[in-house]
Amino acid sequence: MNAPSVDLSSYRDQHFKGSRTEQERHLRLTTTLYVGNLSFYTTEEQLYELFGRSGDIKRIVMGLDKFRKTPCGFCFVEYFTREDAEMCMRYVNGTRLDDRIVRTDWDAGFIEGRQYGRGKSGGQVRDEYRTDYDSGRGGYGKIVQQKMLPKLT
C-alpha cells in the first residue's frame with residue numbers, strides 16, 4: 001500500500017474519455033501531476049526549479065486562459081518515472097511557491113487541449129466564483145468583477 005500522500009484523491013476529471021475503471025488504472029500508473037493554486041505570475045522556470053527537486057521532469061505544460069492565452073493558475077508536470085512523481089506528491093505538495101500553497105494531484109495523463117481553463121471567462125472555474133480579493137490570481141473572481149464593472153464606468 002502507498003503512503004497517504006501518494007494515494008489517489010477522491011477527485012476525478014469529469015472530462016476523462018473512458019470508463020471510471022480505465023481512469024483509475026491510468027491514475028495508478030501515471031507519471032503526470034496536476035498542480036493547482038499557482039499564482040498567475042509563476043513562471044515555468046520557477047516550476048522547473050521546485051518540481052525538479054523531486055526528480056527528472058519530462059515536461060511542464062502551463063495552464064492558460066483559453067481566450068487570452070495567459071497563465072491561469074495551474075499546470076501539468078510530467079516526470080519520467082512514477083517514483084519521481086510519488087516523491088513530488090510526498091514532498092512538494094503543500095509547499096509554498098510565490099506565497100501560495102501548491103496543491104498536487106494525480107492526473108491520468110496530459111492530452112492536448114487540457115491546458116486551457118474550463119471557465120466561461122476562459123480561466124479556471126473556481127476563479128469565476130471566488131468572492132475574495134486575490135492579487136496572485138487576478139484580483140476578485142470574474143463574477144464579482146462583472147458586478148463591479150457598471151460602478152466603475
Side-chain angles (χ1 to χ4, degrees), residues 1-66 68-119 121-142:
M1 177 150 192
N2 289 332
S5 61
V6 183
D7 286 342
L8 300 182
S9 72
S10 60
Y11 174 78
R12 296 295 176 268
D13 181 4
Q14 299 303 309
H15 296 270
F16 180 80
K17 304 285 191 250
S19 70
R20 189 69 130 191
T21 305
E22 289 174 285
Q23 188 177 33
E24 295 278 330
R25 186 174 52 80
H26 282 282
L27 290 170
R28 293 192 188 288
L29 300 173
T30 190
T31 60
T32 304
L33 302 177
Y34 169 87
V35 180
N37 201 39
L38 296 175
S39 167
F40 289 3
Y41 307 104
T42 299
T43 65
E44 276 190 59
E45 291 77 17
Q46 288 173 287
L47 294 170
Y48 274 100
E49 171 67 29
L50 177 62
F51 289 92
R53 295 177 185 176
S54 298
D56 292 330
I57 296 171
K58 187 173 187 178
R59 69 178 171 163
I60 291 178
V61 179
M62 294 293 286
L64 300 174
D65 180 296
K66 67 182 162 198
R68 293 189 300 264
K69 307 299 187 260
T70 56
C72 67
F74 71 97
C75 74
F76 296 93
V77 178
E78 187 177 353
Y79 287 94
F80 284 100
T81 68
R82 175 73 179 199
E83 293 74 26
D84 288 349
E86 287 178 358
M87 290 289 282
C88 180
M89 287 290 285
R90 280 189 193 100
Y91 302 113
V92 178
N93 185 35
T95 61
R96 192 173 291 277
L97 177 64
D98 274 348
D99 285 330
R100 307 188 68 76
I101 302 296
V102 174
R103 291 191 311 256
T104 63
D105 203 354
W106 294 111
D107 188 80
F110 176 76
I111 297 169
E112 190 60 37
R114 288 193 59 220
Q115 72 268 37
Y116 299 112
R118 295 176 178 169
S121 63
Q124 288 189 275
V125 173
R126 67 184 285 248
D127 286 319
E128 298 196 341
Y129 296 98
R130 204 170 23 76
T131 57
D132 62 318
Y133 183 83
D134 187 337
S135 61
R137 294 187 71 87
Y140 287 106
K142 296 297 179 193

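Values reported hereafter were calculated over all heavy atoms of this structure, with side chains retained and with hydrogens, waters and symmetry mates removed.
Side-chain atoms of Tyr48 and Thr43, non-hydrogen and from C-beta on, never get closer than 4.5 Å to each other. In this structure the side chain of Arg100 never reaches within 4.5 angstrom of the side chain of Leu38, judged on heavy atoms. Under the 4.5 Å side-chain criterion, counting only non-hydrogen atoms from C-beta, Leu47 is in contact with Leu97. His26 places a side-chain heavy atom less than 4.5 Å from the side chain of Phe16. Here the side chains of Gln46 and Asp98 are in contact, with some heavy-atom distance below 4.5 Å. You'll find the side chain of Arg82 stays beyond 4.5 Å of the side chain of Leu29, heavy atoms only. Looking only at side-chain heavy atoms (C-beta outward), Arg28 and Glu24 come within less than 4.5 Å of each other.
Rounding to the nearest 0.5 Å places OG1 of Thr31 at 12.0 Å from CG of Asp56. Residue Thr42 holds its OG1 atom at 13.5 Å from CZ of Phe74, rounded to the nearest 0.5 Å. Summarising the geometry, atom CD belonging to Glu86 is positioned 11.0 Å from atom OH belonging to Tyr91; distances are rounded to the nearest 0.5 Å. Taken to the nearest 0.5 Å, the OG1 atom of Thr30 stands 7.0 Å off from the CD atom of Glu78. Annotation: the span from Gln115 atom CD to Cys72 atom SG amounts to 10.0 Å, rounded to 0.5 Å.
Asp107 and Leu27 get closest at one heavy-atom pair: C-CD2, 3.6 Å. In terms of heavy atoms, Gly109 sits closest to Arg114 at O-NH1, 3.3 Å. Closest approach of Thr95 and Val92 over heavy atoms only: OG1-O, 2.7 Å. In plain terms, the two heavy atoms of Phe80 and Ile57 that are nearest each other are CE1-O, 3.4 Å. Glu44 and Ile60 make their closest contact through OE1-O, 4.2 Å (heavy atoms, listed as atom of the first residue, atom of the second, distance). The heavy-atom pair separating Tyr79 from Ala85 by the smallest distance is CD1-CA, 3.6 Å.
Heavy-atom contacts from other residues, nucleotides or ligands closer than 6.0 Å to NZ of Lys69 number more than 12.
Using a 30° and 60° split on the angle between ring planes, Phe76 and Phe110 fall in the tilted class, from 30° to 60°.
Under the rule for a side-chain hydrogen bond (donor to acceptor under 3.5 Å, both in side chains), the partners of Thr81 that lie at least two apart in sequence or sit in another chain are Asp84. Residues satisfying the side-chain hydrogen bond (donor to acceptor under 3.5 Å, both in side chains) criterion with Arg25, sequence neighbours excluded, are absent altogether. Listed by chain and residue number, nothing satisfies the side-chain hydrogen bond (donor to acceptor under 3.5 Å, both in side chains) test with Thr21 (two or more places apart in sequence, or in another chain).
Under a 3.5 Å cut-off, the side chain of Asp65 and the backbone N or O of Thr70 do not form any donor-acceptor pair.
No option in Leu33, Leu50, Val77 other than Leu33 meets the side chain to side chain contact (heavy atoms under 4.5 Å, CB included) test with Cys88.
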